[in-house]
Asks: 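The structure under discussion is supplied below as structure tokens; questions concerning it will follow.
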Amino acid sequence: MNEILQSLNPMQKKAVETTEGPLLLLAGAGSGKTRVITARIAYLIEKGVRPFNIMAITFTNKAAREMKERVCAATQQGSDVWVSTFHSTCVKILRRTIDHIGYSNNFTIYDADDSERLIKQIIRSMNVNEKMFTAKSVMYEISNQKNELVDPETFAKEAAGDMRFEKIAEIYAVYQAHLKANNALDFDDLIFKMVEVFKNYPDILEKYQDRFRYIMVDEYQDTNHAQYVLVKLLSSKYENLCVVGDDDQSIYGWRGADIRNILDFEKDHKDTTVIKLEQNYRSTKPILDAANTVIKNNFNRKEKNLWTEKKEGEEITFHILDSDLKEADFISSQIAEAVKNGASYNDFAILYRANALSRVIEENLVKKSIPYKLFGGINFYGRREIRDILAYLKFINNPDDDIALRRIINVPKRGIGNTTVDKAAVFAQANEITLYEALCNIDEIDELKTRAKKIKEFTELMSEFTEYEKRHSVSEFIDEIIEKTGYVEELKIEGTEEAKSRIENIQELISKAVEFEKGNDDARLSSFLEDVSLIADIDALNENEDTVSLMTLHSAKGLEFPTVFIAAFEDGIFPSYRCVMDTDPNAMEEERRLCYVGITRARNKLYLTAARSRLHNGKYISNSKSRFVKELEDKVKEVIPEAIKFDKPQHATYKPMPKYVGSPKTYSNNIPEPSAGKPDFGIGDKVRQIKYGIGTVKEINNAGADYEVTVEFEGVGTKKFMAHLSKLKKVEE
DNA sequence: CTCCTTTGTCTTTTT
DNA sequence: GACAAAGGAG
């Protein structure tokens with residue numbers, strides 16, 4: 001017991017020893033939070049609590065995995081402790097209980113992409129204005145409602161009077177009906193339905209209350225209302241609830257996270273013990289000072305002050321480079337230099353606001369042969385070929401899954417197109433059967449007589465698959481699928497680099513399946529799919545590998561590195577464009593918290609970098625430096641290695657899109673020539689365009705990869721085209 | 001019905 | 001610049 005407490009400071013010790021009753025642990029960045037949680041679990045076990053009765057909830061799979069490892073290292077019985085994310089916790093419990101509320105226990109999980117497809121389909125079928133109700137915006141609103149535990153009926157009532165919301169409520173209701181018919185849950189449903197089961201079946205709730213007598217929730221500041229209710233329900237019998245969080249690190253407001261959950265915890269639970277962990281063990285003083293300086297600009301927060309015993313360290317520097325390319329070059333040069341002097345690649349992380357910003361940096365790292373690992377971004381399971389194969393698996397696992405069926409029915413091409421599927425879907429709906437059932441009864445649908453042969457071939461293949469799956473492992477089944485459908489064969493014939501990499505990805509998926517079979521006793525198809533659908537990123541970082549880490553600021557939360565770069569520290573990127581335009585102060589506060597998170601990832605040295613001009617969305621933009629630079633006051637030193645300093649937006653000298661009319665030389669330092677090559681016509685020349693005929697060229701602009709040409713057509717007006725893409729042809733007069 | 005070309009949207013962040 | 005959707009030709 002002493003062993004556990006030995007290395008802890010008094011506050012940490014108190015947190016570990018306070019095992020009974022509600023406990024709010026306000027743990028600043030780098031204050032040894034994970035250590036405390038691990039120690040607390042070990043302490044509970046030594047005190048005689050059965051590991052089986054302890055539950056720890058984290059936000060990401062990565063965090064869950066890490067905590068599990070730590071707990072296992074700290075105590076022998078660690079493996080019996082329930083450590084997992086909100087979502088997988090709910091899946092596990094719903095697999096045993098959801099039949100009570102009318103779903104079947106082998107339900108499918110729809111990810112964001114599946115949901116979007118379904119919503120798009122619904123919007124189309126309902127004949128609403130697709131311009132006004134984009135699938136994305138509707139999905140966002142439905143998600144909001146689910147996070148607030150608002151069901152379609154209640155939402156419809158609340159929406160009364162607002163035409164837009166009324167419509168969305170209608171879509172929400174249809175969406176829910178479809179999900180149920182498909183025996184599917186989306187991400188938000190996992191929490192929502194879990195709460196529904198618990199609320200309606202007190203006996204089930206009590207069973208789990210008795211099971212999870214000690215509950216710990218990490219990153220509590222990121223919980224949304226539904227998750228809050230879930231935790232509240234589970235903990236209400238024994239009240240042994242310990243929540244750990246830092247309101248300054250709440251960065252998931254856009255996902256429904258409700259910062260009030262942590263701010264009001266004391267009000268909500270009587271006799272709450274509050275413990276603040278304010279000693280930071282991670283960063284040097286300059287870094288911590290900077291973090292404190294930035295975050296004090298926020299109004300909505302609990303007062304706290306992080307301090308460190310670490311002595312003075314290296315100053316934070318802010319570097320402005322001419323272009324995004326030079327910025328990338330600067331960063332990788334710094335790393336290369338440091339590694340030459342004995343640092344290892346592991347010591348470095350490059351953080352950025354949006355995934356798209358990683359590209360230029362990656363390319364530069366490749367050029368310098370610096371090994372790196374990219375987190376997040378286009379994740380493995382998001383790739384088309386992987387989604388295709390998984391759709392086959394999902395469909396065989398749950399033939400009610402129309403979304404999966406639609407995805408695979410004509411992939412590879414079988415001559416069953418959209419029109420056919422839609423007709424079958426109408427038939428299915430009219431007869432209240434699933435799409436697949438409709439296809440199996442294709443002879444009943446007169447209009448599809450001509451397609452019957454192809455469809456029968458398909459349904460026969462599917463029933464073969466169903467039989468095959470029963471007798472074989474997941475990996476063998478994937479092999480069978482690519483064999484019988486000719487999926488890989490088709491890619492081989494294509495022969496392009498892209499096709500080759502797709503084949504490799506499929507091989508990788510098979511390896512993952514084999515791995516899964518080795519590691520799990522329960523290696524059924526359904527558990528494989530579950531595993532796969534709840535994992536967002538590719539395998540977490542392999543600590544043994546010596547590589548630089550690249551990731552978004554969001555995914556960096558909870559991690560630390562000796563040296564951190566925050567790239568694209570510019571207004572319009574970080575803080576984001578929307579935020580700069582938006583008047584909502586909360587949005588800016590969240591952005592500032594994100595900045596706080598970023599700064600506090602660094603242990604010894606923090607670089608901030610910005611570029612005067614960068615390629616963004618295929619266009620060159622130039623931003624002014626991030627407003628957070630000013631908020632950092634004297635805590636950061638501006639280093640401008642080249643040319644003139646700038647304080648104001650550069651638009652005066654830097655037109656967003658340089659014109660190639662006058663003297664192209666002026667800008668050519670930073671803006672590369674489009675690879676497409678210059679068009680063979682100039683201003684005033686006549687060109688032919690396929691739709692509008694002959695027109696006069698008014699303007700030619702460099703648009704990054706191509707030239708944007710403005711052409712005036714008589715009687716039509718001016719139109720813009722990409723010179724290369726739209727194959728404009730010069731016409732001799 | 002498929003293939004090809006053209007047009008439009010997108011970029012905030014993730015389970 | 002990537003990708004999906006729309007639109008047109010065969």
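Quick note on labels: first sequence line is chain A, next is B, and so on, each numbered from 1. Excluded from the calculations below are hydrogen atoms, water molecules and symmetry mates; all remaining heavy atoms, backbone and side chain alike, are included. Remember, it's a predicted structure, so these values are computed and weren't measured experimentally.
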Asks: Whole angstroms only, please: what is the CZ-P distance between R384(A) and dA4(C)?
Replies: 7 Å
Asks: Side chain of K136(A) only, please: which of dT13(B), dT11(B), dA6(C) is the nearest?
Replies: dT11(B)
Asks: In this structure, how many angstroms lie between the C1' atom of dG1(C) and the CD atom of E363(A), rounded?
Replies: 11 Å
Asks: Output the rounded distance in Å from OH (Y140(A)) to P (dC10(B)).
Replies: 15 Å
Asks: Looking only at the side chain of K120(A) (C-beta and beyond, no hydrogens), which of the listed nucleotides dT11(B), dA4(C), dT15(B) gets closest?
Replies: dA4(C)
Asks: If dT11(B) has a Watson-Crick or G-U wobble mate with both distances under 3.5 Å, name it; if not, just say none.
Replies: none
Asks: If you only use heavy atoms from C-beta on, which nucleotide in dT11(B), dT15(B), dC1(B) is closest to the side chain of H616(A)?
Replies: dT11(B)
Asks: Going by ring centres under 5.5 Å and near-parallel planes (under 30°), is W254(A) stacked on dT13(B)?
Replies: yes
Asks: Specify the residue among R255(A) and R414(A) whose closest nucleotide of DNA chain B lies further upstream toward the 5′ end.
Replies: R414(A)
Asks: Measuring to OP1 and OP2 of dT2(B), would you say a side-chain N or O of N410(A) lies under 4.0 angstrom away?
Replies: yes
Asks: Give a yes/no answer on whether the side chain of S555(A) brings an N or O atom under 4.0 Å of OP1 or OP2 in dT14(B).
Replies: yes
Asks: Quickly work out the K92(A) NZ to dT15(B) P distance and round it to whole Å.
Replies: 16 Å
Asks: Could you tell me if R593(A) sits above the aromatic ring of Y596(A), with its cationic atom closer than 6.0 Å to the ring centre and no more than 45 degrees from the axis?
Replies: no
Asks: Could you pull out the closest heavy-atom pair between M139(A) and A112(A), with the gap in Å?
Replies: SD-O, 3.7 Å
Asks: Can you identify which nucleotide, out of dT14(B), dC3(B), dT11(B), has its nearest atom closest to the K413(A) side chain?
Replies: dC3(B)
Asks: Test the R255(A)-F187(A) pair against the cation-pi criterion, namely NZ or CZ under 6.0 angstrom from the six-membered ring centroid and within 45° of the ring axis.
Replies: no
Asks: May I have the distance from L351(A) (atom CG) to dT14(B) (atom P), rounded to whole angstrom?
Replies: 12 Å
Asks: May I ask you to verify if any side-chain N or O of N355(A) is less than 4.0 angstrom from the OP1 or OP2 atom of dT13(B)?
Replies: yes
Asks: In terms of side-chain geometry, is the basic nitrogen of D571(A) or K625(A) positioned less than 4.0 Å from the acidic oxygen of its partner?
Replies: no
Asks: Looking across every strand, which nucleic acid part, if any, lies under 4.0 Å from Y577(A) by heavy atom: base, sugar-phosphate, or nothing?
Replies: nothing
Asks: Taking the basic N atoms (NZ, or NE/NH1/NH2) and the acidic carboxylate oxygens, is any pair closer than 4.0 Å for E530(A) and R95(A)?
Replies: yes
Asks: Please determine, for the side chain of R359(A), which listed nucleotide (dG1(C), dT14(B), dC3(B)) has the closest atom?
Replies: dG1(C)
Asks: Using a heavy-atom cut-off of under 4.0 Å over every strand shown, decide if A356(A) touches base, sugar-phosphate, or nothing.
Replies: base
Asks: Would one find a side-chain N or O of S576(A) under 4.0 angstrom from OP1 or OP2 of dT11(B)?
Replies: no
Asks: Kindly point out which of dA5(C), dC1(B), dT13(B) is positioned nearest to the side chain of T552(A)?
Replies: dT13(B)
Asks: Once you round it to whole Å, what is the distance between P of dG8(B) and NZ of K619(A)?
Replies: 12 Å
Asks: Any ion pair linking R301(A) and D248(A) (charged N to carboxylate O, less than 4.0 Å)?
Replies: yes
Asks: Which comes earlier along DNA chain B counting from the 5' end, the contact point of A112(A) or that of C579(A), where each point is its nearest nucleotide?
Replies: C579(A)
Asks: F59(A) near the nucleic acid: base, sugar-phosphate alone, or nothing, with a heavy-atom cut-off under 4.0 Å?
Replies: sugar-phosphate
Asks: With a non-hydrogen cut-off below 4.0 angstrom, is I416(A) in contact with a base, only sugar-phosphate, or nothing?
Replies: sugar-phosphate
Asks: Find out whether the Lys NZ or Arg CZ of K92(A) is both under 6.0 angstrom from the six-membered ring centre of W82(A) and within 45° of the ring's axis.
Replies: yes
Asks: Look at all strands and tell whether T60(A) reaches a base, only sugar-phosphate, or nothing, counting heavy atoms closer than 4.0 Å.
Replies: sugar-phosphate
Asks: Nearest whole angstrom, please: distance from the P of dT15(B) to the CG of L94(A).
Replies: 19 Å
Asks: Please give, in whole Å, the distance from dC3(C) P to D113(A) CG?
Replies: 13 Å
